[in-house]
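Reading through the structure tokens given below for one structure.
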Amino acid sequence: MKTRFAPSPTGLLHIGGIRTALFSWLYAQHNNGKFVLRIEDTDRERSTDEAVQVILDGMAWLGLDHDEGPFYQSQRFDRYKEVNEQLLEAGHAYRCTCSKERVEQIRNEAMSRGEKPRYDGHCRSLNLDDINSVIRFKTPTDGQVIVDDQVQGKVIFENSELDDLIIARSDGTPTYNLTVVVDDIDMEITDVIRGDDHLNNTPRQINILKALGAEIPNYAHIPMILGPDGKKLSKRDGAASVLQYRDDGYLPEALLNYLVRLGWSKGDQEIFSIDEMISEFDIKDVNKSASSINPDKLLWLNQHYLKNADNASLVKPLSELLKAMDLTIDTGPDLEDLIDVQKHRTETLKDMAEQSVLFYHDFDEYAENAAKKHLRPVVLEPLNVLYDALKSIQDWNNEHIKSTIEEIAEKFEMKMGKLAQPLRVAVTGTGISPSIDDTLRLLGQEKSLTRLRKAIEFIENRSSS
RNA sequence: GCUCCCUUCGUCUAGUGGCCCAGGACGUUGCCCUCUCACGGCGAAAACACGAGUUCGAGUCUCGUAGGGAGCACCA
């Protein structure tokens, strides 16, 4: 068997498209079939190179690799022309010279009569041969088309509801319903998986398929996904490029896991590795109703995958994000050490990068509330003593750092927190950071001492003024 | 307007006539843990759109109503 993903590069590929691609890819993997990537760029005015690049890069980032393609429809115009001629010759299609205005008028009239707007077949039996006219497909006037959909079930369409659709524009270029059919035949696609916005196109395509004497593939029309508000996906909640998720620090496996659970499930299971998805996924189990995306759940999944990720595997994507923030990686801690600490406390790699800035740059000033609360004269002496103790540590590791802080706290009869928190503010500028020993260790002895010294001076200046 | 599709906690979902006064997850929330923020642990609140029918029995089957979505292009 063979499935395909056939996006149109007229807008940037977003997570709705990715979910369609994922389902199609999983279905192919599950059945040991092939997966084809086809770029439907027949609308040359609206297609952009950028959109094509996003499709290619996005699929690669997520690991949704194709076995064949990418095929570009814009390179197959000769083939479509050939099929159109064939249909014309066989009497399955005809040339039509009706003006757009006339067609428009017919539609309006039909609408005002409460009917479905359709072309009236004016040129159907005129046998015109005007080369500059459009070509229409002769849709059967009676009977019905039954779409036996793997997700939607049996859906019946009356041919009388359909009209003679245009399969070639007056400039000779082919239109969507023709190119899809020709390509699916030529590429030997056995299973068509796409968004349910195409369900209404399916009977037209089946009629063309039949006229061409081709086999009808299996269809699966999966429901669309909606924004968190239950409305159509908008740019800000996922309709922008998939690559935005990469740049925002999401992990491919988290996004895929999130998407696979949208409209599909296996009992109560929430976490699926790629291998589990492949072995468990069946297109027949996909729900028929649309679902809204939930950014919080995606975040939770991302955190889950981050926590369980291999440190080394995060080095590269994290460095990209650090570089994008103009941070010089050499000036900070070893990345694997940093990741080992931060991955347990951040939701995305971007959070991780942002929360790690303190290891690269000195901060300009203390967070006001934190300084007011923790950098007070009472801690001056303990911090001074702590400074000397930290300075004398030979081997700068968690154990030594922690025991040193505990010793000093004990000496001054302070609770650990009473000393750790001022120290934290001293070296990070804020009240939030990894555990104090991890923080100091990652920061390094030299930077830790310099910042502590500065904090001590800060308290002295503040109390004297 | 016409055709097609959909409807279980806020959200994703389990549920295929009795196991369901509806289970899990995210989120929300209470407590515990704790050097901060997180993590984690233990609890809580929260749903079968509505109305008829079929049946001993309906979230589960049928019909209707309401609400939502898609399509009806010389776009894909």
Side-chain angles (χ1 to χ4, degrees), chain A residues 6-11 40-43 45-47 73 96 100 103-104 107 110-119 133-136 147 149 151-153 155-158 160-163 165-177 179-180 195-203 221 223-224 226 228 230-232 258 261-271 287-301 303 307 342 344-347 355 370 374 402 405-406 409 415-425 428 430-437 439:
Chain A
S8 155
T10 51
E40 307 215 324
D41 56 351
T42 52
D43 185 343
E45 303 236 319
R46 296 198 301 147
S47 296
Q73 290 192 323
C96 166
K100 286 182 190 176
V103 173
E104 183 68 17
R107 286 205 190 94
M111 286 270 261
S112 62
R113 282 197 307 270
E115 287 169 18
K116 201 169 173 173
R118 287 152 52 221
Y119 175 64
S133 66
V134 302
I135 300 174
R136 286 183 186 273
V147 181
D149 195 277
V151 171
Q152 307 288 334
V155 185
I156 300 171
F157 294 90
E158 297 294 332
S160 57
E161 290 293 333
L162 275 23
D163 65 356
L165 66 150
I166 290 174
I167 52 177
R169 304 181 184 97
S170 47
D171 66 0
T173 60
T175 62
Y176 169 74
N177 282 300
T179 60
V180 172
D196 68 6
D197 49 336
H198 288 292
L199 183 59
N200 289 290
N201 284 320
T202 309
H221 287 92
M224 319 242 65
L226 277 21
K231 300 259 167 56
K232 209 168 102 186
Y258 178 69
R261 283 283 290 100
L262 228 45
W264 177 81
S265 64
K266 192 82 192 173
D268 289 338
Q269 190 172 344
E270 296 288 349
I271 307 294
N287 288 162
K288 293 165 116 183
S289 55
S291 35
S292 297
I293 56 167
N294 180 181
D296 285 336
K297 190 154 183 178
L298 206 209
L299 232 27
W300 173 76
L301 274 166
Q303 186 182 47
K307 262 192 311 207
Q342 298 279 235
H344 297 283
R345 30 183 300 108
T346 53
E347 293 181 312
Q355 290 181 32
H374 298 289
K402 192 167 186 193
I405 298 170
E406 278 168 349
K415 276 192 173 174
M416 172 75 173
K418 292 284 180 197
L419 185 58
Q421 201 54 11
L423 179 56
R424 171 173 282 114
V425 177
T428 69
T430 75
I432 298 170
S433 85
S435 70
I436 196 66
D437 44 343
T439 303

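Keep in mind that the numbers below use all heavy atoms, side chains included, and drop hydrogens, waters and symmetry copies. Small disclaimer: the values here were computed from a predicted structure and weren't measured. In what follows, every chain begins at residue 1, and chains take the letters A, B, ... in the order their sequences are listed.
Nucleotides of RNA chain B nearest to A/Gly263 and A/Gln269 differ in position, and the one nearer the 5' end is that of A/Gly263.
Atoms CD (A/Gln355) and P (B/U36) sit 16 Å apart, rounded to a whole Å. The nearest whole Å value for the distance from the CG atom in A/Leu301 to the C1' atom in B/G27 is 13 Å. Straight-line distance from the NZ atom of A/Lys415 to the C1' atom of B/U36: 15 Å, rounded to whole Å. Between the C1' atom of B/C12 and the OH atom of A/Tyr258 lies a distance of 6 Å, rounded to the nearest Å. Counting to the nearest Å, the C1' atom of B/C12 and the CG atom of A/Leu299 are 15 Å from each other. For A/Asp197 and B/A70, the CG to C1' distance is 7 Å, given to the nearest whole Å. To the nearest angstrom, C1' of B/A73 lies 15 Å from OH of A/Tyr119. Straight-line distance from the CD atom of A/Glu45 to the C1' atom of B/A76: 14 Å, rounded to whole Å.
Of the candidate nucleotides B/A14, B/C74, B/C12, B/C12 has the atom lying nearest to any side-chain atom of A/Arg261. Closest contact between the side chain of A/Arg345 and the listed nucleotides B/A70, B/A38, B/A14 involves B/A38. Listed nucleotides B/C74, B/C12, B/C35 differ in distance to A/Asp437; the shortest reach to its side chain belongs to B/C35. Of the candidates B/A76, B/G27, B/U13, the closest approach to any side-chain atom of A/Asp296 belongs to B/G27.
A/Pro434 comes within 4.0 angstrom of a base, heavy atoms only. Residue A/Asn287 is classed as a sugar-phosphate contact, given heavy-atom separations below 4.0 Å to backbone atoms only. Residue A/Ser292 is classed as a sugar-phosphate contact, given heavy-atom separations below 4.0 Å to backbone atoms only. At a threshold of 4.0 angstrom between heavy atoms, the contacts of A/Thr179 with the nucleic acid are absent. Nucleic acid contact class of A/Thr175 (heavy atoms, under 4.0 Å, all strands): sugar-phosphate only. Among the heavy atoms of the strands, none lies under 4.0 Å from A/His221.
Close to B/U36, at under 4.0 Å from its OP1 or OP2, lies no side-chain N or O of A/Thr430. Within the 4.0 Å cut-off from OP1 or OP2 of B/U13, at least one side-chain nitrogen or oxygen of A/Ser291 is found. For the pair A/Arg107 and B/C72, the criterion of a side-chain N or O lying under 4.0 Å from OP1 or OP2 is not met. An OP1 or OP2 oxygen of B/C74 is reached within less than 4.0 angstrom by no side-chain nitrogen or oxygen of A/Ser170.
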What string of B, S and - do you get for nucleotides 1-9 of chain B 5' to 3' if you count protein non-hydrogen atoms under 4.0 Å?
BBBSSSS--
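With hydrogens and angles ignored, a donor-acceptor pair under 3.5 angstrom links the side chain of A/Asn201 to the base of B/A76. One N or O donor and one acceptor, one from the side chain of A/Asp268 and one from the base of B/G23, sit under 3.5 Å apart. Between the side chain of A/Glu270 and the base of B/G24, a donor-acceptor pair under 3.5 Å is found. Contact annotation: side chain of A/Arg424 to base of B/C35, donor-acceptor pair present below 3.5 Å.
Under the Watson-Crick or G-U wobble criterion, with both distances below 3.5 Å, B/A38 is left unpaired in every strand shown.
Taking CD from A/Gln355 and OG1 from A/Thr346, the interatomic distance works out to 6.0 Å, rounded to the nearest 0.5 Å. Atom NZ in A/Lys100 sits 6.5 Å away from atom OG in A/Ser170 (nearest 0.5 Å).
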Heteroatom pairs (N/O) under 3.5 angstrom, protein to nucleotides 40-46 of chain B:
unit_1	atom_1	unit_2	atom_2	d
B/G40	OP1	A/Lys307	NZ	3.2

Write out a two-atom table: protein N or O, nucleotide N or O from nucleotides 30-33 of chain B, distance below 3.5 Å.
none

I'd like a table of atom pairs between the protein and nucleotides 62-67 of chain B - only N or O on both sides, under 3.5 Å - with the distance next to each one.
none

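Not a single side-chain hydrogen bond (donor to acceptor under 3.5 Å, both in side chains) links A/Asn200 to another residue, sequence neighbours left out. With sequence neighbours excluded, no residue forms a ring pair (Phe, Tyr, Trp, His ring centres under 6.0 Å) with A/Tyr119.
A distance of about 15 Å separates the C1' atoms of B/A58 and B/C19, rounded to the whole Å. B/U11 and B/C2 have their P atoms separated by 30 Å, given to the nearest Å.
A glycosidic torsion no more than 90° from 0 defines the syn conformation; B/C19 lies beyond that range and is anti.
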